Amino acid sequence: MKFTKLSCVLVFFVAMNAYPLGQNLIINVDHRSAVSLNGKWQAIIDPFEIGYYDYRYQPNKNGFFKNAKPRDKTELIEYDFDKSEVLNVPGDWNSQQDKLFLYEGSIWYKKSFDYQRRPNTRVFVYFGAANYHSIVYLNGQKLGEHIGGFTPFNFEITRLVREKDNFLVVKVDNKRRHDGVPTVNTDWWNYGGLTRRVMLVEVQETFIRDYFIQLKRGSLKTVVGWIQLDGKQTSQTITVEIPEANVKQIFNTDADGYVEFEFDAELQLWSPDNPRLYDVIIKSQTDSLSDSVGFRSIETKGSKILLNGKPIFLRGVCIHEQAPKSKARAFSKEHAETLLGWAKEMNCNFVRLAHYPHNEYMPRTADRLGMLVWSEIPVYWTILWENESTLTNALNQLTEMITRDKNRASVILWSMANETPVGDARNEFLRTLVERAKSLDPTRLITAAMEKSYQGKNKPVINDPFGQYVDVLGCNEYIGWYEGLPDRCDLYSWGTIYDKPVIFSEFGGGALYGFNADKDTRWSEEYQEYLYEKQIKMFEKIPFLAGTCPWILSDFRSPRRLLPQIQDYWNRKGLISDKGEKKKAFYVMQLFYEKLKQNEQ
Ligand code: GCU
């Protein structure tokens, strides 16, 4: 199996556009030596970006990144990090202070730290994510920038870091942009800030920066992959060990520090019922790294999805990165365990992480709990299809998403987009994304959440031309909510022009927990309950349906939801309320999935 060497892709990529990308991404930071910079950071709220631009709106070489202090009583310095706000990291800023609830703009973060670097090592500052445009400085020097709010990035600081009094300054700007990904219009809160963990990662001078190890597509025993070293000593001998499977394989990297491998092994296959993870140990002459990896195969056959060669129905639910029972964005292992725990309780074996890559604890927890995952980049609604930097941005987010999570058995689907309007420029844009995804990861399935059209009254059909480029068709439908009343479900007979699996990637309706009325009263739990009953009846008549994903596991913050005393900036389509209370429809889905589970056995 041929892989595309990431390094040459990135080189092309950097050349192609003006964005100073984060340097080559380091993966699996959880198994590396690292120092956390999480905690309280100084922060300056700078709506007019006076810390970056001078009065001529030109970049100011004495900006806030200098963290300057008056040297004597005469010197004029008009900011002081240490007397300014304090914000928690990781964390969005909107839920930390009332005055920042609706804030969209720039905030400067500063963290001071000492650092004892061990000899013959290199140090990188690593960000789990920062929304949206980050400019990073250490000790007054610019390290680089990153665009995109949901994927990790890192910068090397080996030559800049000192033993005492380092100051790391990050300008984070979450202003929405038309040419952005996502663009200016989303049905989720535009949480700003250093929303995920920040750490100093210390590695050997030549270290194992990136690797890929999974089952070959269509095989239950052939392991394929590659390893990328980073450093001067590029030609090295590498061993890949899976002790519990008696695997010990030896390879040699080329002059670029790269090697591909393929070997057979007797492995217990990972599945939701048996989420078997193996310790994988990769050793080079200068470095060693372990990871816990599951091995499973994922394919399609006609309208069936095959996990480890057997058909599986995806009993799913959609999840936003909303911290459970909280107004904040989720970021922690505990948040992941609660959210995926609720999905398990609903008898799910699958989750759609919408509409952007979630924090790394989600796929890693899904690996452990046995939950299949759909992961997506925020190509959402109508972005600027013909804008080159928008495409570059989307390609970059896609590359970072796949780079981070390509060794997670739980992740089976890469989604390119959500509810994007059919059109030549859009089709071409999305086709380019598919090409990139397949070149980076030939082992997983490609999908997107598309919309239906009609081939006659009550005859919805899935015929989006982009469907020809994906392995699995996602379809969002809101029959009984945006489209008629729940009884309309009885009238519909679904069609598709593709012989491919279909997942209803969204369906559902809103309900305010505790508002009880008859089944025809919008926003009541009874309306939502009845809507789900009707949807399920409709599903049972669709032979090519391979999965369902209610919108959505729990109520989430949205600036598009303004109905007083019902929404109040919450999208109420959750099956669980913003306080963790289960609505009646939750139990309808739980029972439906229980039955499917029993039928599978
Ligand atoms: C859309 C969209 C979601 C949105 C949902 C809704 O389909 O994909 O992001 O939240 O519908 O209207 O609630």
Side-chain angles (χ1 to χ4, degrees), residues 131 149-150 176 180-191 316-322 327 329-330 339 351-358 374-383 394 397 413 415-422 426 430 447-453 460 462 464 466 470 472-486 489 502-513 522-523 525 527-528 531-532 535 547-563 566-578 583 585-586 589:
N131 192 45
F150 306 101
R176 288 169 289 133
V181 179
T183 183
V184 291
N185 188 14
T186 66
D187 191 24
W188 69 80
W189 207 265
N190 182 24
Y191 287 117
V317 71
C318 297
I319 302 181
H320 252 304
E321 203 176 30
Q322 184 81 44
K327 293 187 174 81
R329 165 144 286 161
L339 293 168
V351 290
R352 175 187 175 200
L353 303 183
H355 291 290
Y356 37 77
H358 287 210
W374 159 313
S375 188
E376 183 166 293
I377 52 171
V379 173
Y380 180 88
W381 288 346
T382 309
I383 66 171
Q397 295 189 41
L413 286 155
S415 171
M416 303 301 113
N418 179 74
E419 291 187 356
T420 50
V422 173
R426 170 262 197 184
L430 298 188
T447 190
M450 296 172 273
E451 295 169 294
K452 63 187 178 334
S453 54
I462 297 165
D464 184 321
F466 179 58
V470 300
V472 172
L473 304 157
C475 178
N476 295 358
E477 53 89 2
Y478 281 93
I479 302 158
W481 186 256
Y482 293 128
E483 210 176 313
L485 297 174
C489 292
V502 169
I503 297 174
F504 277 155
S505 37
E506 286 182 35
F507 65 94
L512 179 65
Y513 177 78
R522 293 253 178 188
W523 305 111
E525 287 194 51
Y527 185 108
Q528 190 190 44
L531 169 60
Y532 272 79
Q535 285 274 345
T548 52
C549 248
W551 187 261
I552 185 163
L553 179 67
S554 55
D555 293 353
F556 62 95
R557 274 288 193 208
S558 168
R560 295 170 56 83
R561 308 295 165 172
L562 310 177
L563 184 61
I566 297 272
Q567 294 178 316
D568 298 319
Y569 289 126
W570 290 96
N571 183 313
R572 294 290 184 196
K573 294 192 180 70
L575 293 165
I576 296 175
S577 77
D578 58 298
K583 303 175 189 178
F586 176 94
M589 278 316 286

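Only a predicted model underlies this, so the values are computations on that prediction, with no experimental measurement involved. Atoms within each ligand, like the ligands themselves, are counted from 1 in listed order.
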Step-by-step side-chain hydrogen bond (donor to acceptor under 3.5 Å, both in side chains) determination, Ser505 to Asn476 = CA-CA 5 Å; Ser505 37; Asn476 295 358; 2.6 Å; yes
request  = Give the contacting part of Asn418 toward ligand 1: side chain, backbone, both or neither, where contact means a heavy-atom distance below 4.0 Å.
outcome  = side chain
remark   = The answer for which part of Thr186 has a heavy atom under 4.0 Å from ligand 1 is neither
message = Going by salt bridge (Lys or Arg N to Asp or Glu O under 4.0 Å), Asp578 matches just one of Lys583, Arg572, Arg561. Which one?
response = Arg572
remark   = In this structure, atom 7 (O) of ligand 1 is nearest to the protein heavy atom Glu419 OE2, 2.4 Å
ask   = For the atom pair CD (Gln322) and CD1 (Ile319), what is the distance rounded to the nearest 0.5 Å?
value = 12.0 Å
message = I need the nearest protein heavy-atom contact for atom 12 (O) of ligand 1: residue, atom name and distance, please.
response = Tyr482 OH, 2.5 Å
inquiry  = Checking the N or O distance criterion of under 3.5 Å, is ligand 1 in contact with Arg561?
reply    = yes
request  = Establish, yes or no, whether a centroid distance under 6.0 Å links the rings of His358 and His320.
outcome  = no
key: Min side-chain heavy-atom separation Thr186-Tyr380 under 4.5 Å   = yes
key: Nearest candidate to atom 11 (O) of ligand 1, where distance is taken over non-hydrogen atoms, out of Glu477, Glu506, His355   = Glu506
task = Enumerate the atoms of ligand 1 whose separation from the nearest heavy atom of Lys573 is less than 4.0 angstrom.
result = 6 (C), 12 (O), 13 (O)
note = The protein heavy atom nearest to atom 4 (C) of ligand 1 is Asp187 OD2, 3.2 Å
remark   = Separation between CZ (Arg329) and CG (Asn190), nearest 0.5 Å, reads 8.5 Å
ask   = What about Trp381: any of its N or O atoms under 3.5 Å from an N or O on ligand 1?
value = no
message = Between Trp551 and Phe504, is the ring-ring contact (aromatic ring centres under 6.0 Å, His included) condition met? List the steps.
response = CA-CA 10 Å; Trp551 187 261; Phe504 277 155; over 10 Å; no
ask   = Considering only heavy atoms of Phe556, which atoms of ligand 1 have at least one such atom less than 4.0 Å away?
value = 10 (O)
